[in-house]
Amino acid sequence: MDDENGAAMVPIRYVSYQGEEQLPIIMSLIDQELSEPYSIFTYRYFITLWPQLCFMAFHEDTCVGTIVCKMGQHRNTFRGYIAMLVVIKPFRGRGIATELVTRSIQNMRDAGCEEVTLEAEMHSD
Ligand SMILES: CC(C)(COP(=O)(O)OP(=O)(O)OC[C@H]1O[C@@H](n2cnc3c(N)ncnc32)[C@H](O)[C@@H]1OP(=O)(O)O)[C@@H](O)C(=O)NCCC(=O)NCCS
């Protein structure tokens, strides 16, 4: 056990996006952690077109992380793009984002992506 509340003893469960009923969970997680506000249409754009690039990480029944991506032709390459990636603070630093990214990139590679990009927010603190 490496956690004050013992949370580390419970393994993280990774699930691929199953359907619209998971959308509110994904939206609330991202809205609380990323400063850019996204409309439901933005979420639907990504997740409906590329459901195989969306994963969620669960600790017991709580969603603690998620990734939302897209892919498509960009100039001369077929490119994957990580649009949203979030892990809630108490669960950071234990490889959850790494696992979410690895799963998405694997599916991008299988679909023929030659490169993957993402944008990150900068903080001065
Ligand atoms: C970025 C974020 C998703 C990382 O989640 P996480 O589960 O803690 O990441 P991991 O534990 O898998 O760490 C992966 C690597 O990134 C590094 N890392 C994680 N957060 C970092 C940060 N803020 N600054 C620099 N490096 C960081 C880790 O040290 C680790 O490196 P290592 O593999 O060499 O040890 C999480 O901090 C977060 O949700 N941040 C706010 C939202 C955000 O900025 N999202 C990305 C842009 S969409």
Side-chain angles (χ1 to χ4, degrees):
M1 182 165 72
D2 61 9
D3 214 13
E4 273 176 15
N5 58 13
M9 291 180 71
V10 180
I12 301 296
R13 192 164 45 88
Y14 296 91
V15 300
S16 55
Y17 179 72
Q18 304 292 316
E20 184 88 5
E21 66 279 0
Q22 290 176 326
L23 205 49
I25 306 171
I26 294 170
M27 287 174 61
S28 103
L29 203 69
I30 292 170
D31 286 350
Q32 92 191 35
E33 295 294 340
L34 291 182
S35 61
E36 187 174 344
Y38 297 103
S39 77
I40 188 158
F41 304 109
T42 306
Y43 287 103
R44 285 219 176 97
Y45 164 73
F46 284 105
I47 297 173
T48 307
L49 289 174
W50 299 277
Q52 74 278 31
L53 303 183
C54 177
F55 290 90
M56 304 163 79
F58 281 89
H59 177 262
E60 297 179 325
D61 291 333
T62 306
C63 184
V64 298
T66 189
I67 185 167
V68 174
C69 311
K70 66 181 277 188
M71 58 187 170
Q73 197 65 31
H74 180 83
R75 300 193 177 131
N76 293 327
T77 57
F78 195 59
R79 170 189 274 192
Y81 173 66
I82 298 173
M84 305 166 201
L85 171 66
V86 156
V87 173
I88 60 170
K89 287 196 180 78
F91 286 85
R92 289 181 189 169
R94 49 171 101 171
I96 295 174
T98 303
E99 183 63 29
L100 292 168
V101 168
T102 301
R103 287 175 186 236
S104 296
I105 290 179
Q106 187 57 56
N107 285 353
M108 290 174 186
R109 292 176 68 131
D110 291 347
C113 284
E114 301 152 87
E115 62 183 27
V116 180
T117 61
L118 68 75
E119 295 161 36
E121 295 176 356
M122 282 184 66
H123 298 275
S124 54
D125 50 54

### Message
Return the OH to CZ distance between Y17 and F46, rounded to the nearest 0.5 Å.
### Response
14.0 Å
### Message
I need the E115 CD to M71 CE distance, nearest 0.5 Å.
### Response
14.0 Å
#### Entry: Under the salt bridge (charged side-chain N to carboxylate O under 4.0 Å, His left out) test, residues paired with E119 that sit two or more places apart
none
### Task
Measure the spacing between OG1 of T42 and CD1 of I47 and express it to the nearest 0.5 Å.
10.5 Å
### Task
Identify, with sequence neighbours excluded, every residue that meets salt bridge (charged side-chain N to carboxylate O under 4.0 Å, His left out) alongside R109.
none
### Query
Between CG of L118 and SG of C69, what distance do you get to the nearest 0.5 Å?
9.0 Å
### Task
Quick one: closest heavy-atom pair of T102 and T98, and the distance?
OG1-O, 2.6 Å
### Minimal non-hydrogen separation, A97 against V87, with atom names
N-CG2, 3.8 Å
Donor-acceptor contacts under 3.5 Å from residues 22-31 side chains, at least two apart:
unit_1: Q22; atom_1: OE1; unit_2: Q18; atom_2: N; d: 2.6
unit_1: D31; atom_1: OD1; unit_2: Y43; atom_2: OH; d: 2.9

### Message
Do H74 and Y81 make a side-chain contact, defined as non-hydrogen atoms from C-beta onward lying under 4.5 Å apart?
### Response
no
### Query
Above 12 or not: heavy atoms from other molecules or residues under 6.0 Å from CG of D110?
yes
### Task
Show your working on side chain to side chain contact (heavy atoms under 4.5 Å, CB included) between L53 and M108 and close with a plain yes or no.
CA-CA 7 Å; L53 303 183; M108 290 174 186; 3.8 Å; yes
### Query
Roughly how far, to the nearest 0.5 Å, is CZ of F91 from SG of C63?
10.5 Å
### Query
Are any of the side-chain heavy atoms of R79 and T117 separated by less than 4.5 Å?
yes
### Message
List the residues meeting salt bridge (charged side-chain N to carboxylate O under 4.0 Å, His left out) with R44, not counting sequence neighbours, and say none if there are none.
### Response
E20
### Task
Nearest 0.5 Å please: distance from the CD1 atom of I67 over to the CD1 atom of I96.
13.0 Å
### Flag side-chain contact, heavy atom, 4.5 Å: E33 against I88
yes
### Message
Please enumerate all residues that pass side-chain contact (heavy atoms from CB on, under 4.5 Å) together with R103, with sequence neighbours excluded.
### Response
Y14, F55, E99
### Message
Ignoring hydrogens, what is the shortest heavy-atom contact between I12 and H59? Give both atom names and the distance.
### Response
CD1-CB, 3.9 Å
### Message
Test of understanding: with side-chain hydrogen bond (donor to acceptor under 3.5 Å, both in side chains), list the residues that count as partners of Q73, not counting sequence neighbours.
### Response
none
### Task
Quick one: closest heavy-atom pair of V68 and C54, and the distance?
CG2-SG, 4.2 Å
